[in-house]
Amino acid sequence: QVQLVESGGGLVQAGGSLRLSCAASGRTLSGYAMGWFRQAPGKEREFVAGINWSYGGTYYVDTVKGRFTISRDIAKNTVYLQMNSLKPEDTAVYYCAARRGTVVVSAAYDYWGQGTQVTVSS
């Protein structure tokens, strides 16, 4: 089993930056994929970015390409989401997720964190 804890959310003005962290415990993440999802009030959960832990390959939803960067620190079992040029439409609860296998854009992940709020003001 994998436990995930997100941190780093907060309030930021449009154009600003935040870095989210997701600390994983319980086991090493080799053979896993990590994803960041977000959910705005009244909306479905949306895939934002993913990374294959062992390969390091990254994937992004089109709306965040060039602005967000997902990365991982293997030694710390931690995945990050660097968010730059934030827009009000980025406002959501951001969730870290893990699954056995490779990155998928659906919510077919095995483990989920509790989420961290990101609010972007205009």
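Only this structure's heavy atoms are used, side chains among them; waters, hydrogens and symmetry mates stay out. Residue numbers start at 1 and run along the sequence shown.
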- Task: Kindly give the heavy-atom pair with the smallest separation between Ala23 and Thr78, and that separation in Å.
- Result: CA-OG1, 4.0 Å
- Between Ser17 and Ser85 the two heavy atoms that sit nearest each other are OG-N, 4.3 Å
- Query: Are the side chains of Arg100 and Tyr111 in touch, meaning some heavy atoms are under 4.5 Å apart?
  - Reply: yes
- Item | Rounded distance [0.5 Å steps], OG in Ser30 versus OH in Tyr55 | 11.0 Å
- Query: Hey, quick one: are Tyr32 and Tyr80 part of the same hydrophobic cluster, counting side-chain heavy atoms closer than 4.5 Å, chains of contacts allowed?
  - Reply: no
- Given side chains that start at C-beta, do those of Leu29 and Val2 come closer than 4.5 Å, heavy atoms only? yes
- Task: Would you check if the side chain of Gln114 reaches a backbone N or O of Glu6 as a donor-acceptor pair within less than 3.5 Å?
- Result: no
- Starting at CZ of Arg19, measure out to CD of Gln82 and round the result to the nearest 0.5 Å. 7.0 Å
- Message: Quick check: closest heavy atoms across Tyr60 and Ala49, and the distance to 0.1 Å?
- Response: CD2-CB, 3.6 Å
- List the steps and the verdict of salt bridge (charged side-chain N to carboxylate O under 4.0 Å, His left out) for Lys87 and Asp90. CA-CA 5 Å; Lys87 305 174 180 179; Asp90 295 318; over 6 Å; no
- Task: State whether the side chain of Arg99 and the backbone N or O of Ala108 hold a donor-acceptor pair below 3.5 Å, judged by distance alone.
- Result: yes
- Task: List, by chain and number, the other hydrophobic cluster members for Phe37, where Ile, Leu, Val, Met, Phe, Trp and Tyr join if side-chain heavy atoms come within less than 4.5 Å, directly or indirectly.
- Result: Phe47, Tyr59, Val93, Tyr95, Val103, Val104, Val105, Tyr109, Trp112
- Message: Ignoring hydrogens, what is the shortest heavy-atom contact between Trp53 and Ile74? Give both atom names and the distance.
- Response: CZ2-CA, 3.7 Å
- Item | Side chains of Thr91 and Gln117 in contact at under 4.5 Å (non-hydrogen atoms) | yes
- Message: Please find the pair of heavy atoms, one from Pro88 and one from Ala14, that lie closest to each other, and give the distance.
- Response: CD-CB, 4.1 Å
- Value rounded to 0.5 Å, distance of OG in Ser122 from CG in Leu86: 13.0 Å
- Item | In one Ile/Leu/Val/Met/Phe/Trp/Tyr side-chain cluster, 4.5 Å: Val79, Val5 | no
- Task: Not counting sequence neighbours, which residues clear salt bridge (charged side-chain N to carboxylate O under 4.0 Å, His left out) with Asp73? List them please.
- Result: none
- dist Arg72:CZ -> Cys22:SG (nearest 0.5 Å) comes out at 14.0 Å
- Hydrophobic cluster identity match, Leu18 and Leu11, side-chain contacts under 4.5 Å: no
- Query: Measuring from Asn77:CG to Gln3:CD, what's the distance to the nearest 0.5 Å?
  - Reply: 11.0 Å
- In this structure, CD of Gln39 is separated from CD of Glu44 (nearest 0.5 Å) by 8.0 Å
- Closest heavy-atom pair, Gly9 versus Leu20, reported as atoms and distance to 0.1 Å, is N-CD2, 3.6 Å
- Side chain proximity check, Met83 to Val64, heavy atoms < 4.5 angstrom: no
